[in-house]
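Shown next, in structure tokens, is the structure this report addresses.
Nothing here was measured: the structure is a model prediction, and the numbers come from that model. Values below: all heavy atoms of this structure, side chains included; hydrogens, waters and symmetry mates excluded.
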Amino acid sequence: KKVTSFMGMFSGWLVYDTTKVVRIYDKRLSLLYYGLVLLIMNYTFYSLIYNKGYFEEEQPVGAMNIHLSAGNSVRKPTSELPYCKERECIYWDESEILYSLGTRDVLITTHVESDRQELVCTETESFGKSCSWKTIPGTSSEYYIAGVESLTVEIDHSAQAPVFHEQWLQSRDDDDVTSYVYAGTCKRMSGVLMNPRGDIPRIAAEFPVHQLDRVNVSLLLSASHSDLNETNELTNDTYRRSGIVLNADLGYNNARCSGKISCAFGTVPLHYRYRIYKVPDAQFFHEEFNNHNSTVRDRIIRSGILLKVQQTGKISRFSWNVFFVNLSSGLGLFTLVVIIVDAIAIYVLPEKSSYSHRKYAEVASSGEKIKTPDTPHPDPDSGSIKRRKPKAS
């Protein structure tokens, strides 16, 4: 009796819920169900096929060198350059114009201020000896660097997916590997320089294989909708004088190829693209000193185009694990559709009580259906469902 009493305490909990299939002839529910199913099928197809949801990805790492050359540029007389009418202009050699701030950051000088300074020391009884640099009168100068826009920037870069590349090499039997799937240099990859989004044409320049990336300074500026002669609203000076900051996004990719059907599935040869972004109203200058001796030095303040190149992108390869995870996620959404439609059927629609009764049923351990006082029964006259009233005791 104690065991029976104990089991009776939990009789309401010791149940097993199983699925019951009920076919409801309701156009509203069927349209909602198949509409959601169609949306999920399209989403799953987009995620797995178009968006290549079967790829695992690795962030590329790499290195680069940036140089400046005259290329095919021809020096014009300074009298033909509009900005030289505002201030003196001087032609510098390309090696002097480019000031390296690291392997990925360079300053292309457009404006220079220079002066000679002398170390002046004074000594007082209260503060002792103090020294400071003073500009020597008559030694200050200021001028533009002429012809900067006609120069050519040369970029030599390489990138790889370290883990993918190492595993790919381990799977190769031959020792003499002449081409790589998950690594490359600019001389083995093709690339493009993109115009700003929305511009036509989309591509500003193409970089073929077997060559360094060479792009004109004026083209870099136009690819970011920039102009050195525009006025910086914060400094009230032109960008040629105050300096300008350009961020170059160098993205690598082996999964996309501009919508071509030939690369709709799988990977393509590793390639890259540049996008140039101007930092609004930013200015940049660099101060350097050349010491003649312990008391005399030259100060040079450079302003110009700060070019910051960042290597980004994704290198991909097929993965069964990623494929089944994304496929399972898509299939799991079909279960969510059933839950949503069932909830609308038994909680929202006017026929919710009838649908709820036919969806849920209680069966005893003996196999007999348990009848509840509020079990609906059909009305023989109207064909509608009525609630069965409990018998009076």
Hey, does the side chain of [X] reach the backbone of [Y] with a donor-acceptor pair shorter than 3.5 angstrom?
{"X": "N51", "Y": "G53", "value": "no"}
{"X": "D156", "Y": "N65", "value": "no"}
{"X": "T109", "Y": "G304", "value": "no"}
{"X": "E58", "Y": "V163", "value": "yes"}
{"X": "E113", "Y": "R299", "value": "no"}
{"X": "T110", "Y": "R240", "value": "yes"}
{"X": "D115", "Y": "T139", "value": "no"}
{"X": "N232", "Y": "D281", "value": "yes"}

Just jot down the side-chain hydrogen bond (donor to acceptor under 3.5 Å, both in side chains) partners of R197, sequence neighbours excluded, or say none.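 Checked R197 against side-chain hydrogen bond (donor to acceptor under 3.5 Å, both in side chains); matches are Y277.
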Do you see a donor-acceptor pair shorter than 3.5 Å between the side chains of S114 and S141?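 The answer is yes; a qualifying pair exists.
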Take E118 and K134 through the salt bridge (Lys or Arg N to Asp or Glu O under 4.0 Å) test and state the conclusion after the steps. CA-CA 5 Å; E118 183 181 16; K134 302 294 184 180; over 6 Å; no
Disulfide (SG to SG under 2.5 Å) partners for C186, two or more places apart: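 Per chain and number, C186 pairs via disulfide (SG to SG under 2.5 Å) with no residue.
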Should the ring pair Y99 and H286 be called parallel, tilted or perpendicular, given that the plane angle runs from 0 to 90° and is split at 30 and 60? tilted
Sub-6.0 Å ring centroid separation between W168 and F164: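 Ring-ring flag for W168/F164: false, centres at least 6.0 Å apart.
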Do the numbers put R297 on top of the ring of W133, so that NZ or CZ is under 6.0 Å from the six-membered ring centre and no more than 45° off the axis? yes
